[in-house]
Amino acid sequence: VQLQASGGGLVQAGDSLRLSCTASGRTLNSYTMAWFRQAPGKEREFVAFHRWGDEKVYADSVKGRFTISMNKDRVKNMVYLQMNSLKPEDTAIYYCAAGLGGHSSRSLATTRPYGNWGQGTLVTVSS
């Protein structure tokens, strides 16, 4: 599956932004979809995942502010990350990822299960 992320930009603290990830090549029915982010000079970190069966898990740092969702149809598959109440520390390149197979929720919060990655979209939050 090929992934293409978009929707990043420059916003002010407190603003909202919605990231989109278009998946092509295969349907998303069997995949767990996730968002990760990487700030300058830091490791890539987990943001949220959406597992088949509608399980959603969020990093503590974004819980209550970010929402992951999927839109699956025959034409295209989309994964979204709605980001509200943005903070300067949310500044990062955001990556969408797709992974197959049965993994624990703990494992899905790491990069290991994900074999497919989008190119990333930059989100900059000014104070």
What is the minimum heavy-atom distance between Trp35 and Leu81, and which atoms define it? NE1-CB, 3.5 Å

Once you measure the plane-to-plane angle for Tyr94 and Phe66, does it fall in the parallel (<30°), tilted (30-60°) or perpendicular (>60°) bin? tilted

Point-to-point distance, once rounded to the nearest 0.5 Å, from CD of Gln119 to SG of Cys21: 8.5 Å

Do Tyr58 and Thr67 have side chains that get closer than 4.5 Å, going by heavy atoms? yes

After noting the C-alpha distance and the side-chain angles of Met83 and Val47, does the key distance pass the side-chain contact (heavy atoms from CB on, under 4.5 Å) rule? CA-CA 11 Å; Met83 305 185 295; Val47 175; over 6 Å; no

Should the pair Trp117 and Tyr114 be assigned to parallel (<30°), tilted (30 to 60°) or perpendicular (>60°) ring geometry? perpendicular

Which atoms form the tightest heavy-atom contact between Leu3 and Asn116, and what is the distance? CD1-O, 3.5 Å

Distance in Å, Leu17 CG paired with Gln82 CD, rounded so as to fall on 0.5 Å steps: 8.0 Å

Identify the two heavy atoms, one from Ala92 and one from Ala39, that lie closest to each other, and give their separation to 0.1 Å. CB-N, 3.8 Å

With rounding to the nearest 0.5 Å, note down the distance linking CE in Met33 to OG in Ser69. 11.5 Å

Tell me whether Leu100 is reachable from Val57 by hopping between hydrophobic residues (I, L, V, M, F, W, Y) whose side-chain heavy atoms are closer than 4.5 Å. no

Trace of the side-chain contact (heavy atoms from CB on, under 4.5 Å) decision for Val79 with Cys96: CA-CA 8 Å; Val79 182; Cys96 59; 5.7 Å; no

Any chain of hydrophobic side-chain contacts (each under 4.5 Å) joining Val1 to Leu108? no

Can you give me the closest heavy-atom contact between Ser85 and Arg65, atom names plus distance? O-NH1, 2.9 Å

Report the distance from atom CD of Glu45 to atom CD of Gln38, rounding to the nearest 0.5 Å. 9.5 Å

Atom pair OG1 (Thr110) and CZ (Arg44), whose distance is rounded to the nearest 0.5 Å: 12.5 Å

Check for me whether Arg18 meets the cation-pi criterion with Tyr80, that is, NZ or CZ under 6.0 Å from the six-membered ring centre and within 45 degrees of the ring axis. yes

Hydrophobic clusters here meaning ILVMFWY residues chained together by side-chain heavy-atom distances under 4.5 Å, can you tell me if Ile93 and Val123 are in one? no

Testing the basics here: between Arg51 and Thr32, what is the closest heavy-atom pair and its distance to 0.1 Å? CG-OG1, 3.3 Å

Exercise: identify the closest heavy-atom pair between Ala98 and Tyr31: CB-CD2, 3.7 Å

If you round to the nearest 0.5 Å, how far is OG of Ser127 from NZ of Lys87? 14.0 Å

Between Asp60 and Lys63 (salt bridge meaning N to carboxylate O under 4.0 Å), is one present in this structure? yes

Same apolar cluster: Val11 and Leu122, side chain cutoff 4.5 Å: no

I'd like to know if the side chain of Thr124 reaches the main chain of Thr91, judged simply by a donor and an acceptor atom lying under 3.5 Å from each other, with no hydrogens or angles considered. no

Going only through I, L, V, M, F, W and Y residues with side-chain contacts under 4.5 Å, is there a path from Phe49 to Met78? no

